[in-house]
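One structure is given below, encoded as structure tokens.
We name chains A, B, ... by the order of the sequence lines, and we start the count at 1 in each one.
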Amino acid sequence: MDAKLQGYIDKLNALNFKEMYNGDFFLTWEKTDDEIEAVFTVADALRYMRENNISTKVFESGLGISLFRDNSTRTRFSFASACNLLGLEVQDLDEGKSQVAHGETVRETANMISFMADVIGIRDDMYIGKGNKYMHEVVDAVTEGNKDGILEQKPTLVNLQCDIDHPTQAMADMLHIIHEFGGVENLKGKKLAMTWAYSPSYGKPLSVPQGIIGLMTRFGMDVVLAHPEGYEVFEDVEKVAEENAKKSGGSFKKTNNMAEAFKDADIVYPKSWAPFAAMEKRTELYGNGDTEGIKALEKELLAQNAEHKDWACTEELMATTKDGKALYMHCLPADISGVSCEEGEVDASVFDRYRDPLYKEASFKPYIIAAMIFLAKFENPQEILKKLEERGMSRIFE
Amino acid sequence: MDAKLQGYIDKLNALNFKEMYNGDFFLTWEKTDDEIEAVFTVADALRYMRENNISTKVFESGLGISLFRDNSTRTRFSFASACNLLGLEVQDLDEGKSQVAHGETVRETANMISFMADVIGIRDDMYIGKGNKYMHEVVDAVTEGNKDGILEQKPTLVNLQCDIDHPTQAMADMLHIIHEFGGVENLKGKKLAMTWAYSPSYGKPLSVPQGIIGLMTRFGMDVVLAHPEGYEVFEDVEKVAEENAKKSGGSFKKTNNMAEAFKDADIVYPKSWAPFAAMEKRTELYGNGDTEGIKALEKELLAQNAEHKDWACTEELMATTKDGKALYMHCLPADISGVSCEEGEVDASVFDRYRDPLYKEASFKPYIIAAMIFLAKFENPQEILKKLEERGMSRIFE
Amino acid sequence: MDAKLQGYIDKLNALNFKEMYNGDFFLTWEKTDDEIEAVFTVADALRYMRENNISTKVFESGLGISLFRDNSTRTRFSFASACNLLGLEVQDLDEGKSQVAHGETVRETANMISFMADVIGIRDDMYIGKGNKYMHEVVDAVTEGNKDGILEQKPTLVNLQCDIDHPTQAMADMLHIIHEFGGVENLKGKKLAMTWAYSPSYGKPLSVPQGIIGLMTRFGMDVVLAHPEGYEVFEDVEKVAEENAKKSGGSFKKTNNMAEAFKDADIVYPKSWAPFAAMEKRTELYGNGDTEGIKALEKELLAQNAEHKDWACTEELMATTKDGKALYMHCLPADISGVSCEEGEVDASVFDRYRDPLYKEASFKPYIIAAMIFLAKFENPQEILKKLEERGMSRIFE
């Protein structure tokens with residue numbers, strides 16, 4: 001057997017992830033360290049196989065259903081790529097941007113679309129207290145549907161971004177870090193700065209900073225969350241980050257000083273987001289159909305943002321990072337000063353210097369999603385990987 | 001060979017359905033009893049194979065084209081699932097909700113989209129006298145295109161709901177009944193009540209009640225069609241039902257009394273629909289672009305509906321059915337009193353008690369569609385089923 | 001081996017098309033004669049294999065991305081069919097009809113959607129000086145992305161219509177001509193009339209007439225471009241046509257007289273288009289967001305068109321062609337007098353007589369697109385064709 005592939009299999013053999021079989025992926029902190037590592041390992045294995053023209057098509061038929069509350073090109077293509085890599089055909093469930101009725105309607109719709117669905121990918125990040133809850137309703141419905149003999153299989157849920165976490169993004173980001181630093185074993189003591197940055201738009205979801213502090217604190221790194229006063233994230237996730245840091249031997253600190261966060265950082269992740277409290281308020285306003293209130297809040301938030309234009313990832317700030325060359329990260333698209341907006345999150349020269357790493361960072365997402373599906377669908381993924389190699393089917397005919 | 005699969009093949013061997021090869025599926029009453037039974041048998045066989053992880057992918061490439069005049073989540077997913085199960089990729093032809101020009105334009109478009117199409121699924125149920133006609137125009141066009149050497153194959157048409165019949169719904173409903181009652185041989189003398197029920201919306205298509213009376217009268221059952229005066233369905237279909245009943249040794253009766261229909265019924269199907277005459281009028285108004293007329297008709301129909309709020313599937317009525325536990329059926333979504341509307345077609349407690357059977361009822365539709373395609377594409381489907389088992393390809397790799 | 005398939009392989013063996021490997025398809029005149037013939041040959045081979053139920057699925061997974069600036073049913077289905085024939089799943093990138101930002105945004109988006117993309121098909125024909133340029137930006141981006149290790153493969157670009165050329169249309173048209181005339185060797189000295197024709201709509205793209213004169217002049221034919229004064233096409237393409245004609249031993253002439261063009265023609269292609277200068281002006285007006293200017297231009301163009309209602313493909317004109325039975329061609333849909341409009345490009349009786357050939361003409365497009373992809377993906381397509389026959393997988397299971 002191919003030695004590198006055997007390496008991935010050996011790694012999986014040493015991990016306990018049996019709870020992932022037939023499971024779902026909601027939040028990274030609901031998964032054990034072994035489970036997280038299993039996702040990284042399978043993602044690497046699938047990528048390695050694709051690069052070596054070994055087909056990883058494990059489904060001869062089956063649907064991957066995507067449900068996006070928001071327009072999304074990147075995540076949509078990542079999900080479609082992941083499904084396609086495994087042999088699933090994507091079918092979009094377009095319920096529009098409006099909030100979907102909960103309860104019985106969800107239960108019925110979830111079953112009606114799932115007769116031949118192996119995966120459901122949902123992005124629902126706009127409304128605080130709703131997105132993750134909705135995903136659970138869907139999972140409860142199809143789990144019951146499967147138990148009751150309605151569904152021949154239980155589709156697995158992949159959280160493509162909710163109000164709390166953005167696990168496929170954070171996991172792809174982390175896998176990028178692991179590759180850039182030559183292994184998870186090299187991360188202890190590294191400093192990662194997740195910092196707010198100014199953007200001329202508003203209402204950007206909190207799931208990225210929350211996802212980052214909720215995951216990156218598990219690897220012994222010193223994680224700093226920096227933002228202006230008033231831009232607090234979801235408190236519960238901060239608690240997760242604190243506990244993670246304690247367990248992993250790293251640290252989790254908060255500051256209202258961007259320079260402090262960047263100082264000697266090995267990794268920086270400057271990105272705009274909306275204050276949690278404001279997003280909560282907005283959710284309420286939307287719930288009440290208060291158009292005037294929404295407009296007023298929008299105005300208020302833009303004004304608040306504008307007070308912090310100095311929160312930008314400039315060349316000066318980058319120079320203060322470890323050896324002046326911290327790994328710059330972003331989930332994309334970024335607000336680039338002088339390019340996509342007048343003043344934004346990052347200097348054009350900084351962004352341009354990190355273009356390749358940024359694109360590579362993004363390239364892990366389809367594999368992360370595919371790995372999540374793979375681990376939910378196979379009780380013994382090691383054996384499946386081995387058999388796929390033995391099957392020897394080429395992705396491109398040769 | 002697997003004994004159960006062999007059983008399906010034996011059943012098919014006893015049936016004459018050779019006219020289905022290269023054919024289309026418009027109306028159930030255009031098919032012989034043997035043909036109808038062949039669809040049920042292949043549907044059961046395909047489901048059995050999927051449940052046992054035997055791939056039924058018979059197309060390595062090919063398109064399944066869907067054309068929906070109306071938004072449709074359920075039927076869309078059923079069609080997509082059926083195509084996917086057989087190996088066809090769905091491609092949507094979005095012509096909007098407006099009426100499509102007939103004649104030459106249909107002929108051209110039908111050919112242009114069909115170069116690699118093996119199936120065309122059409123839902124066109126809104127305009128009386130139009131939907132079924134349009135499907136025939138499409139079939140005539142591609143049949144000629146195939147004969148003239150333009151199309152390498154003749155795509156088969158699957159009627160996903162027209163103005164006259166809803167064959168995939170009625171067939172799925174019937175297969176559900178067969179399974180619930182332990183076989184078609186147990187249906188003689190059973191009473192089925194297809195009854196109108198109140199809904200706060202209007203203009204619901206007639207194709208469901210028409211499809212039900214047009215199909216269910218073929219199995220020796222006592223079928224009762226109940227509705228308030230003024231809610232008559234298409235007379236031609238009533239005639240079909242009468243003839244069916246005569247031939248099958250069952251009966252077909254009409255009544256304006258819901259209680260009478262429910263009394264001792266083994267199966268009840270309470271569901272709202274619009275009067276045929278009103279739908280005819282609406283078609284004319286739309287044809288003339290008479291917006292005022294449409295609004296007036298809508299108002300009139302809602303008022304007419306409101307006079308019959310007592311037509312509801314209540315616990316009281318359910319108690320009068322056979323042993324108080326008739327099989328409750330619906331094509332979904334239902335208007336549930338106190339849940340999806342104030343007053344509707346069915347009591348919440350009734351609906352809830354039958355949730356599992358209702359979902360199972362719906363789960364047959366993808367297999368019915370797949371069976372229709374299968375029988376149109378293979379001259380000897382028995383042999384193909386056998387060869388698929390011999391091929392031994394897993395749906396999910398193992 | 002099958003003799004006919006061997007014939008295609010022998011033909012390919014005699015051609016030099018090695019530059020097509022890993023390449024793209026922008027304009028036909030950027031390709032050598034051998035390369036053009038290779039596309040025709042592979043298209044014929046793929047069609048032959050499909051007709052004989054030999055699967056040509058060469059991708060076990062992979063995406064074919066389509067990006068249409070305009071609504072398009074025909075080209076969309078052709079692209080989807082081609083991708084499906086080879087095993088790629090189509091994923092639409094919907095950027096709306098608005099002009100997409102160029103430069104950095106294109107670079108980023110192109111990479112983000114291409115992690116698992118083997119093909120990108122773009123239609124962008126509305127704005128002079130933009131469409132082809134945009135396609136090059138996309139190709140540059142993914143080429144760099146592949147070189148930098150971001151993309152595991154370089155997706156190949158297929159130009160599905162730009163402001164300069166419509167290569168898949170012109171190539172399908174040409175393959176149709178070759179088949180109608182029994183081989184490319186029979187085309188020397190044949191007269192082809194590409195003529196303007198009146199249409200009650202305006203702003204039809206120039207890419208068809210340009211594509212036709214840019215390609216058809218390469219086969220020793222006498223190509224005549226006819227249009228009313230003021231309906232000039234892109235001068236650069238006329239120069240291409242002149243040089244082609246010189247090299248191929250044919251001729252390229254221009255005239256403002258439709259009758260002269262039709263006289264003794266073996267092939268006629270009467271079709272409406274907008275003046276190049278007007279399209280340039282429109283591009284500028286759109287760029288400036290000058291709505292009033294656009295409306296004024298529209299009015300002006302319609303009035304200009306109306307002066308040339310006598311430019312129609314009538315029975316009288318057809319009678320003047322070679323033996324009164326020139327091959328009538330059109331990219332469809334045509335403006336048919338008395339059918340789709342009062343007065344249009346062609347008499348209904350003429351169109352009707354050529355309906356079958358017209359549909360056949362269109363039927364080549366999916367195969368042309370598939371051949372372009374095939375030649376970009378395989379270094380030795382002859383060997384792949386042979387191996388596909390040896391693999392012996394049926395398109396439809398048997």
- Query: Mind checking which of residues 76-90 of chain A sit less than 4.5 Å from chain B, heavy atom to heavy atom?
  - Reply: Glu89(A)

- Item | Nearest atoms (heavy-atom pairs only) where Ser394(B) meets Glu60(A) | O-CG, 3.3 Å

- Does the side chain of Glu108(A) come within less than 4.5 Å of Arg74(B)'s, by heavy atoms? yes

- Item | Derivation of the side-chain contact (heavy atoms from CB on, under 4.5 Å) call for Met112(A) and Tyr359(B) | CA-CA 7 Å; Met112(A) 292 302 113; Tyr359(B) 292 0; 3.5 Å; yes

- For chain B, which residues from residues 36-47 of chain A have at least one heavy atom closer than 4.5 Å to it? none

- Task: Could you tell me the separation between the CZ atom of Arg355(B) and the CZ atom of Arg107(A), rounded to the nearest 0.5 Å?
- Result: 4.0 Å

- Task: Using non-hydrogen atoms and a 4.5 Å limit, figure out which bit of Thr73(B) sits close to chain A: side chain, backbone, both or neither.
- Result: side chain

- Task: With sequence neighbours excluded, tell me which residues meet ring-ring contact (aromatic ring centres under 6.0 Å, His included) with Phe17(A).
- Result: none

- Measuring from Gln153(A):CD to Arg395(B):CZ, what's the distance to the nearest 0.5 Å? 5.5 Å

- Task: Let me know if Gln91(A) has heavy atoms under 4.5 Å from chain B in its side chain, its backbone, both or neither.
- Result: both

- Task: Could you walk me through whether Lys365(B) and Phe115(A) pass the side-chain contact (heavy atoms from CB on, under 4.5 Å) test, one step at a time?
- Result: CA-CA 10 Å; Lys365(B) 204 189 271 179; Phe115(A) 297 133; over 6 Å; no

- Message: Applying side chain to side chain donor-acceptor pair (under 3.5 Å) as the test, list every pair that has at least one member in residues 374-386 of chain A; sequence neighbours left out.
- Response: Asn13(A)-Gln382(A)

- Message: Can you tell me which portion of Lys57(B) sits under 4.5 Å from chain A's heavy atoms? Options are side chain, backbone, both or neither.
- Response: side chain

